[in-house]
Amino acid sequence: MLPPHEPAPSPLTTMADGTVKQVSPITGTEVWTVPGRANRPIGGPATPPQSLDPAKHGAHCAFCERRYLDTPPEKSRLVRDGDAWRTLPALPAEDLDETVAEFRRIPNLFEILSFDYWRKNYGYEMPADAAARQSAYLATEAGREHVAGVVTQKLRASGDPDTTWDALGDAEREELARGFFAGGHDVVVARRHFTDGAETDADLAGSGTLTPEEHARYLSFTVAAMADLYAANRYARYVAVFQNWLRPAGASFDHLHKQLVAIDERGVQAEVELARLRANPNLFNEAAVNYAQYQNLVVAENDHAIAFAGFGHRYPTLEIYSRSASTKPWEHSAAELRAVSDLVHACHAATGPLVPSNEEWHHQAADVDEPMPWRIVLKWRVSTLAGFEGGTKIYLNTIDPWTLRDRVVDRLFALRDEGRVAAGMRIATEAHCRPNPLLYNPRLG
Ligand SMILES: [Zn+2]
């Protein structure tokens with residue numbers, strides 16, 4: 001006799017009064033959206049916009065282009081000559097001002113996990129190429145001065161204002177500098193703080209104000225850094241990639257940047273996902289993308305990626321899935337990377353630069369055997385978690401998925417008409433929405 005069939009709980013339930021109850025099919029997170037709160041305006045500055053001071057152009061914060069020496073020694077930069085883009089690895093301090101970095105990869109001055117974490121806990125040694133880079137950098141006067149400046153800055157900020165570079169011995173200097181050359185927490189910084197021609201401090205340059213081409217370069221430069229972090233540290237089980245945009249979302253500067261952090265665990269969410277994935281290898285098609293398609297939540301798709309208004313998230317969330325059969329971003333083809341970038345860029349553009357957001361990347365960890373698709377979630381940080389959430393673990397999300405879809409789709413059509421997002425994406429009802437669009441599952445190959 002067949003066992004009785006128990007249907008899975010529905011991720012989305014609309015009640016008679018209009019309350020939408022959501023349960024994430026991937027993490028089990030429970031979320032409610034109560035009616036009447038969804039149409040509140042979101043984003044926008046708390047204070048009236050201020051005119052920009054022309055004297056501060058290029059020097060608004062430590063990530064700006066006239067302040068290259070305020071951040072640790074660069075690992076690489078991406079420069080542009082017209083349509084040609086070039087990566088310049090490990091520039092010496094003397095050459096930093098010879099080109100303008102469209103994007104630069106630098107170590108985080110205040111890393112989550114330090115070089116010492118890996119050295120003391122695992123016996124991690126500095127790789128030979130990083131050691132060579134450090135020697136070369138410290139062999140010049142400008143390089144030594146630069147490292148001395150950032151080490152001193154770090155010591156001061158860490159509550160050690162009396163120690164300076166000059167007071168340190170050679171061994172101590174080398175130890176403090178090592179994290180800049182062999183650390184596992186990097187930042188990818190974009191060139192602009194404000195948009196070209198900006199007049200006020202509300203004209204911030206975010207992901208969505210980049211051109212689609214610039215965004216694609218930003219994304220693939222970050223993917224290359226991700227591969228490099230895995231390659232440099234065999235103890236790294238996962239490289240977390242994220243972008244905090246604006247202070248309410250955790251950013252230190254209102255200057256566009258992503259962060260990459262190598263860690264020695266897969267992360268709690270990945271462990272939960274893995275358990276579910278073992279029971280249903282097609283989970284990400286069935287429970288995420290197919291379901292979104294049946295609920296008409298797709299905002300856009302192209303040949304290698306699909307974006308939809310997500311469900312079961314604490315904040316209004318757009319999810320962008322790569323459809324590629326390869327599960328690692330650095331094994332994607334150029335066309336596949338571009339397709340993911342175009343949809344992530346379009347979602348940012350539709351969100352607008354004044355909405356605080358977290359962009360979080362998820363991919364199959366180094367030691368996971370179950371294929372998992374690469375996906376990027378974009379969370380609008382428009383509400384604050386409070387006592388209700390803490391006490392019940394039920395989260396209030398002010399915008400339900402269909403309302404989020406409508407806001408985003410309206411903007412996407414307008415942005416496409418203005419030529420500000422990539423052509424070639426199929427928006428909302430234009431999308432084909434065939435079942436099982438994600439090819440990470442080898443059974444679908
Ligand atoms: Zn800046």
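Note that ligands are numbered from 1 as they come in the structure, with each ligand's atoms numbered from 1 the same way. Computed from a prediction, not measured in an experiment: that's the story for all the values here. The figures here come from the full heavy-atom set of this structure, side chains too, leaving out hydrogens, waters and symmetry mates.
- Taking distances strictly below 2.8 Å, the protein N/O/S atoms close to the Zn ion (ligand 1) are C61 SG, C64 SG, H193 ND1, H255 ND1.
- Both tests hold for K258 against Y218: distance to the six-membered ring centre under 6.0 Å, angle to the ring axis within 45°.
- Because its NZ or CZ atom is not both nearer than 6.0 Å to the ring centre of Y238 and within 45° of the ring axis, R266 does not count as a cation-pi partner of that residue.
- Side-chain contact of H348 with E359: a donor-acceptor pair under 3.5 Å is present, judged by distance alone.
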Donor-acceptor pairs under 3.5 angstrom involving side-chain atoms of residues 123-131: please list them, not counting sequence neighbours.
residue	atom	partner	partner atom	Å
Y124	OH	A232	O	2.8

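- Taking the centre and axis of the six-membered ring of Y395, the NZ or CZ atom of R314 falls inside the cone set by 45° and 6.0 Å.
- The cationic atom of R77 (NZ for Lys, CZ for Arg) lies less than 6.0 Å from the six-membered ring centre of Y68 and within 45° of the ring axis.
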